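First comes the structure, then the notes that go with it.
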Amino acid sequence: MGGTKIPYARQDVTEEDIEAVVRVLRSDFLAQGPVLPAFEEAVAGAVRARHGVAVNSATSALHMACLALGVGPGDIVWTSPITFVASANAALYCGASVDFVDIDPRTWNLSPVALAEKLEHAARNGRLPKVVIAVHFTGEPAAMAEIGALCRAHGVAIVEDAAHALGAACDGTPVGANIHADMTVFSFHPVKIITTGEGGLITTNRDDLAAKLHALRSHGITRDPAALTVADAGGWYYEQQSLGYNFRMTDIQAALGLSQLQRLDQYINRRQSIAALYDAGLEGLPVVRPYRAPGNRSALHLYVVRLPEHDRRVIYDGLHAAGIAVNVHYIPVHLQPYYQARGFRPGDFPEAERYYADALSLPMYPRLADDDVARVIETLRGLL
Ligand SMILES: *Cc1c(COP(=O)(O)O)cnc(C)c1O
């Protein structure tokens with residue numbers, strides 16, 4: 001097996017994307033121009049949300065979402081242990097603490113059964129979380145109807161971490177429509193579904209949250225005449241009314257995102273085709289293929305397999321030696337040294353740890369050719 005190196009993920013940038021970015025570079029506004037609101041509207045429209053607020057990363061978006069919901073010292077935020085560390089760190093930025101809800105062994109998403117138990121226990125002890133951050137891991141929508149009902153019953157707010165799930169849907173409703181959540185967060189890092197280089201976006205249907213997000217994104221400053229405390233103070237006048245940050249996205253980035261967004265359906269369809277090739281090619285092998293619920297449309301950001309009968313390290317190294325840069329998503333967050341130092345221990349979330357022991361992410365990105373998929377399957381077969 002030879003050939004070129006195959007990464008696990010890669011962006012797709014077209015000549016149209018480049019032209020869209022160059023148009024902004026030649027225009028009057030590199031930041032705070034007209035492209036950013038156009039991008040926000042386009043993403044919000046695509047996922048059927050009322051508001052879209054773009055920021056410089058999904059990490060900032062998660063941080064702002066927690067702040068907008070009033071998360072602070074003394075509060076607790078729950079999320080899945082099988083996620084990127086940013087989902088958990090968001091709570092810590094606000095001075096709150098983090099706890100985890102174990103995953104469902106079939107979907108690898110936050111388990112509604114574990115959530116129900118943990119909520120009942122927390123309610124008895126008066127230690128309910130302020131927010132649950134549900135992650136659509138790999139792009140497969142989490143069980144939001146159940147998670148939403150459980151959280152609402154206990155007055156707990158819900159944020160969906162949809163960093164993997166732009167273009168995903170549940171029973172025909174796009175992820176990001178916020179049917180069961182207060183806010184949804186997307187990422188536009190180059191490995192994700194569409195890219196702005198770095199970037200993120202929050203959707204919400206709540207006007208109050210959208211206003212808070214706008215303030216948090218830009219220093220807590222407003223120029224809206226209706227919101228100012230002083231009337232007719234002059235054209236230069238603005239007020240800082242709360243403490244915000246500079247989490248803004250540039251028009252340069254928004255132009256790339258807006259151009260990429262035109263290909264969203266095409267991207268998800270290609271990811272679905274690649275997944276179908278993997279599904280068929282791995283049939284009959286001692287490999288657990290990723291579950292996709294009927295009624296869900298996964299964005300298939302990742303195609304994760306589990307290798308219960310093999311030493312994952314050997315398979316990982318063998319594929320890398322053959323030029324196939326497979327990866328592992330994720331090391332359970334509670335096992336990171338920083339979280340261990342905060343009191344978490346191996347054994348705390350056994351399904352997440354079992355998952356981590358044998359999971360492997362195969363290459364998955366729209367430009368991955370059928371031949372490359374065949375090469376991955378053949379190399380993997382040879383190693384099993
Ligand atoms: C990528 C990712 C993030 C962070 O996104 P950035 O845009 O890189 O800050 C958060 N959560 C999950 C699940 C991710 O995969």
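Position 1 is the first residue of the sequence, and the numbers go up from there. Fair warning: this is a prediction, and the values are worked out from it, not measured in the lab. One-based numbering, in listed order, for ligands and for the atoms of each.
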Pick out which of I6, T379, V314 makes a side chain to side chain contact (heavy atoms under 4.5 Å, CB included) with L319. T379
Counting only N and O atoms by type, is there a donor-acceptor contact under 3.5 Å from the side chain of Y278 to the main-chain atoms of V305? no
Knowing that exactly one of Y356, W78, F100 qualifies, which makes a ring-ring contact (aromatic ring centres under 6.0 Å, His included) with F349? F100
Can you pull every nitrogen or oxygen pair between ligand 1 and the protein closer than 3.5 angstrom?
{"unit_1": "ligand 1", "atom_1": "5 (O)", "unit_2": "S187", "atom_2": "OG", "d": "3.3"}
{"unit_1": "ligand 1", "atom_1": "7 (O)", "unit_2": "A58", "atom_2": "N", "d": "2.9"}
{"unit_1": "ligand 1", "atom_1": "7 (O)", "unit_2": "S187", "atom_2": "OG", "d": "2.8"}
{"unit_1": "ligand 1", "atom_1": "9 (O)", "unit_2": "A58", "atom_2": "N", "d": "3.3"}
{"unit_1": "ligand 1", "atom_1": "9 (O)", "unit_2": "T59", "atom_2": "N", "d": "2.9"}
{"unit_1": "ligand 1", "atom_1": "9 (O)", "unit_2": "T59", "atom_2": "OG1", "d": "2.5"}
{"unit_1": "ligand 1", "atom_1": "11 (N)", "unit_2": "D161", "atom_2": "OD1", "d": "3.4"}
{"unit_1": "ligand 1", "atom_1": "11 (N)", "unit_2": "D161", "atom_2": "OD2", "d": "2.8"}
{"unit_1": "ligand 1", "atom_1": "15 (O)", "unit_2": "H164", "atom_2": "NE2", "d": "2.7"}
{"unit_1": "ligand 1", "atom_1": "15 (O)", "unit_2": "K192", "atom_2": "NZ", "d": "3.0"}
{"unit_1": "ligand 1", "atom_1": "15 (O)", "unit_2": "Y330", "atom_2": "OH", "d": "3.1"}

Does the separation of the ring centres of F39 and F188 fall below 6.0 angstrom?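 Yes, ring centres under 6.0 Å apart.
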Partner residues of D182 under the side chain to side chain contact (heavy atoms under 4.5 Å, CB included) criterion, sequence neighbours left out: L69, A157, I158, R206, L209
The test is side-chain hydrogen bond (donor to acceptor under 3.5 Å, both in side chains); show your working for N89 and Y339 and say whether it passes. CA-CA 10 Å; N89 290 345; Y339 281 87; 2.7 Å; yes
